[in-house]
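See structure below.
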Amino acid sequence: MWPAGRRMVSVVPRLAFAAARCTATASGHAKGEYSTDKETHFGFEHVSEEEKAQKVHKVFENVADKYDLMNDLMSGFVHRAWKDHFVSRLQPRPNTRLLDVAGGTGDIVFRYIQHLRYASLGARVGAAASPQHTTTTDSSTSDSSSSDSDSDSSQRLYEISVCDISESMLGVGRQRAEALGHRGIDWVCGDAQKLPFEEGEFDCYTIAFGIRNVVDVQKALDEAYRVLKPGGRFMCLEFSHVKNPLVRWAYDQYSLNVIPPMGQVVAGDWASYQYLVESIRKFPDQETFKEMIEEAGFRNVTYENLTLGVAAIHSGFKI
Amino acid sequence: MLRYWGVSLLRQRGGSRHLVTTTAGSTQATDTSNREIPITLKPNTATKDSSYGSSRGSELLGIGGGLGFTPPDQEEEAVKEPPLYDSHIRTNAFQKAILTCGAAAAALLDPRRHDMVAVLGETTGSKALTRLYARMIDDPEGSRILVDKPRINSSTIDLDALRKLPTDSLGRMYIRFLEDNKVTPDSRLPVQFVDDPELAYVMQRYREGHDLFHTVLGMPTNMLGEVAVKWIEALQTGLPMCYGGAVFGPLRFRPKQRQKYVSVYLPWAIRVGRTARLLMNVYFEERWEQSIHDVRAEFGIEPPPV
């Protein structure tokens, strides 16, 4: 659907960018982005920006192969519901370009594709204008035959880029995409603070459980603003603060006492999960984060709490 | 008297060599800034006070203990208590309980998870380690090990030099053991969950000495040999993890192995475990050239069954 020429122009310089960046630093981190003097937090530890960048990268290299399993165990499978809800709030439409940042293992993009498939399935059923029970079987068979080619045909169902700092995470994502049969996803290794994309490239920018790990959150928000088209939507799913003191106490006890030991038992890595739990507490709360999003230039910024504030969806528009 | 003085001071100062050899009254003896011992009291870079004891406020805010979260008004002062040694992770009783159950389940479900067996040993072994420490301090060779804190890995031991020793020597037998069973002295994980640097060293020494115990006892690393060594270690050290391994290991024996185990290996192991001197007191690094038969005779170890 997109004119081939235009696609080539935007893709070629970006790919050159991404390749050079990843081999140069051995991770997605942008060179020269991080200072060795400015202090920030790594969990509860005080470190320089450069150190934090390296440590975060190391955490994700370590956890990549057990990442999905640990997510299931730590959240009691609830993270799946959160992501389902997030994507339904996103209301995927065909012919929109999506950028999923810190989307390494592909949870968001695979759900996005599922939504589009079901949406197009519904459209075919409606268009046929015959009783549902006879058409659903027809359209399901035709859907399965076209699903292999939905990314190859001229009528592309989706245009998705996934950007992540860690090659290991992207590797897991690519494997899952192959297993599920999703083709045509663009897996890019890059830094949320310096995205290897042109200005105004995307209709939608999502980041799920990733912005907490960015060294300078405001810079990542500014970058999000930059790569979005006017009218584009920014959506962020992230752990946030629980208001209710009793629930917060229980949540803290669980986080600090159960999650790191679980990380040790399942993945042999206490430290990464200790970092995870501490970084959640260091992240700004719902209102503060909303203000940060507004500072980047987004308007109509809203947020929605999930599970009493354990997670929150923030949404803003570039208008 | 040295014994009591040694125990209390060793425990407080992390076994600094200086304290035992310097005369009393010398104030330099207590200078702990330039020690060369393997287990260092690493001050956490995040804290301003590097002393052992932290203020009550930071105790409350210590991760893994106390309240478990930082009250908003004290957030800027949240400091973690420093680890007691490199690779130390502080854990409270609840976390230890979870680690114990999780590690036991993981080790039983997947026997290749040696790290889980190690964790299990650390979380359940504190009483046994204390008793073991006391027994090592009592013995002259054992107390020297506790002071020197030697480590066994490929950078501390010259494996090539050991290879050149005479055939029956401890060193040569050790190399032969490593080669026959295709193991390396570097595969032992550092201790993480023992909350005392001295006991952590004892645990580390136990872990690193395991291959040497095999050598001295003459046991191979097949299932039978491992269970036999575990019995001896259990009877000598008292570590619950050793008892666990000794009891659960034989469940996976085949009938012929079980028969050999019951008739030969188990009685031998129990005899040796009960009568031999504590193997943890063998200062292996001083005995590389010694004949293995002499070592066995000195420690009262019955030759292994053929």
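Throughout, protein chains are lettered first and strands after them, A, B, ... in sequence-line order, and every chain is numbered starting at 1.
- At most 12 heavy atoms of other shown residues, nucleotides or ligands fall within 6.0 angstrom of atom CG in A/L246.
- Applying the 6.0 Å contact sphere to NZ of A/K58 captures no more than 12 heavy atoms from other residues, nucleotides or ligands.
- Closest approach of B/Q192 and A/Q264 over heavy atoms only: OE1-NE2, 3.5 Å.
- No more than 12 heavy atoms of other residues, nucleotides or ligands lie within 6.0 Å of NZ in B/K127, so this atom counts as exposed by the packing criterion.
- Proximity to chain B (any heavy atom under 4.5 Å) is shown, for A/V258, by both the backbone and the side chain.
- The two residues A/V265 and B/A106 come nearest to each other via the heavy atoms CG1-CB, 4.0 Å.
- A 6.0 Å sphere centred on CZ of B/F248 holds no more than 12 heavy atoms belonging to other residues, nucleotides or ligands.
- Closest of all the heavy-atom pairs between A/P261 and B/I98 is CB-CG2, 3.8 Å.
- Here the side chains of A/W270 and B/L99 are in contact, with some heavy-atom distance below 4.5 Å.
- Within the structure, salt bridge (charged side-chain N to carboxylate O under 4.0 Å, His left out) pairs that include any residue of residues 221-232 of chain B comprise B/K230-B/E233 (at least two apart or interchain).
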